[in-house]
Amino acid sequence: QVQLVESGGGLVQAGGSLRLSCAASGRTFSIYAMGWFRQAPGKEREFVAAINWSGGSTSYAASVKGRFTISRDNAKNTVYLQTNSLKPEDTAIYYCAANRYLASSRQNDYNYWGQGTQVTVSS
């Protein structure tokens, strides 16, 4: 099993940046595809970004493409989400997730989830 812990969230003004981190346990982190999802109050959790096991393939939701970058450092058992040009509509709890099968935009494909880190973007 994999345990995930997110960090790096906070309060930022519109146009600012945050770098979210997700630290994973275990020695087999490198075989998992990883994803970032987010959920705002009253809304469904939505896909943000995903990265395959090697880091060579990434995908993004249209709403964040060009602004967010997902990356991973398998030697450090960590996946990152660099968020730039933040907008108030980016405000949400951001979750990282691990998928032992494949990178996916569907949350149901992920097996393990972190507790989330809050990102708040002010106008």
Side-chain angles (χ1 to χ4, degrees):
Q1 295 191 3
V2 174
Q3 293 185 349
L4 307 172
V5 180
E6 301 95 334
S7 63
L11 175 64
V12 64
Q13 292 184 338
S17 300
L18 288 171
R19 190 187 193 191
L20 309 184
S21 298
C22 176
S25 66
R27 296 182 295 165
T28 58
F29 171 77
S30 63
I31 72 173
Y32 287 85
M34 301 294 297
W36 285 95
F37 295 78
R38 66 186 183 185
Q39 186 171 27
K43 300 181 69 176
E44 296 290 326
R45 185 157 56 192
E46 65 178 359
F47 169 74
V48 176
I51 189 167
N52 74 341
W53 67 271
S54 69
S57 180
T58 59
S59 62
Y60 299 90
S63 59
V64 306
K65 194 170 186 178
R67 299 188 297 120
F68 292 9
T69 302
I70 188 171
S71 62
R72 67 191 298 163
D73 186 339
N74 289 342
K76 297 181 178 180
N77 287 354
T78 302
V79 63
Y80 305 96
L81 185 70
Q82 179 68 44
T83 67
N84 298 328
S85 301
L86 284 163
K87 306 174 181 179
E89 52 262 45
D90 295 319
T91 296
I93 300 174
Y94 283 70
Y95 299 90
C96 66
N99 178 354
R100 69 184 302 164
Y101 300 106
L102 75 164
S104 173
S105 63
R106 299 175 63 252
Q107 62 179 296
N108 192 235
D109 290 336
Y110 288 81
N111 307 105
Y112 306 103
W113 294 82
Q115 294 289 90
T117 185
Q118 177 71 49
V119 172
T120 302
V121 185
S122 62
S123 300

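No experiment lies behind these values; they were computed from the predicted model shown. Just the heavy atoms: all of them, side chains too, but no hydrogens, waters or symmetry mates, feed the values below.
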Using side-chain contact (heavy atoms from CB on, under 4.5 Å) as the criterion, list what pairs up with [X], not counting sequence neighbours.
X    : answer
S7   : S21
S63  : R38, A61
W113 : F37, R45, Y95, A97, Q107, Y110
S71  : Y80

With a 4.5 Å heavy-atom cut-off, do [X] and [Y] have their side chains touching?
X    : Y    : result
V48  : Y60  : no
Y101 : D109 : no
T69  : L81  : no
I93  : T117 : no
N111 : N99  : yes
T120 : V12  : no
I51  : Y32  : no

How would you list, by chain and number, every residue that makes a side-chain hydrogen bond (donor to acceptor under 3.5 Å, both in side chains) with [X], sequence neighbours excluded?
X    : answer
Q82  : N84
R67  : D90
Q115 : none
R19  : none

Output the rest of the hydrophobic cluster of L11: all Ile, Leu, Val, Met, Phe, Trp and Tyr residues reachable through side-chain heavy-atom contacts under 4.5 Å, sorted by chain and number.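 Besides L11, the hydrophobic cluster comprises nothing; the residue is isolated.
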
Can you name the closest pair of heavy atoms from [X] and [Y] and give their distance?
X    : Y    : answer
A92  : A40  : CB-N, 3.9 Å
F47  : S104 : CE1-O, 3.7 Å
A23  : T78  : CA-OG1, 4.3 Å
A33  : L102 : CB-C, 3.4 Å
S17  : S85  : OG-N, 4.2 Å
G116 : E6   : N-OE1, 2.8 Å

Count the heavy atoms belonging to other residues, nucleotides or ligands that lie under 6.0 Å from CD of Q118, then report whether that count exceeds 12. yes

Neighbour count >12 (heavy atoms, 6.0 Å) for atom CD, Q13: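 Result for CD/Q13: open.
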
To the closest 0.5 Å, what do you measure between [atom1] ([X]) and [atom2] ([Y])?
X   : Y   : atom1 : atom2 : result
S54 : R72 : OG    : CZ    : 8.0 Å
I70 : S59 : CD1   : OG    : 7.5 Å
L18 : T83 : CG    : OG1   : 4.5 Å

Mind checking what makes salt bridge (charged side-chain N to carboxylate O under 4.0 Å, His left out) contact with D73, not counting sequence neighbours?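 In terms of salt bridge (charged side-chain N to carboxylate O under 4.0 Å, His left out), with neighbours along the sequence ignored, D73 is linked to no residue.
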
V5-Y112 co-clustered via ILVMFWY side chain contacts under 4.5 Å: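 Hydrophobic grouping puts V5 apart from Y112.
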
Do S57 and N52 pair up side chain to side chain, a donor and an acceptor below 3.5 Å, judged on atom types alone?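 Side-chain D/A pair, S57 to N52: absent.
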
Test: salt bridge (charged side-chain N to carboxylate O under 4.0 Å, His left out). Region: residues 112-123. Which pairs qualify, not counting sequence neighbours?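 Qualifying pairs: none.
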
Mind checking what makes ring-ring contact (aromatic ring centres under 6.0 Å, His included) contact with Y94, not counting sequence neighbours? none

Report the C-alpha distance between W36 and C22 in whole Å, list the side-chain angles of each, state the deciding distance to 0.1 Å, and finish with yes or no for side chain to side chain contact (heavy atoms under 4.5 Å, CB included). CA-CA 9 Å; W36 285 95; C22 176; 3.8 Å; yes

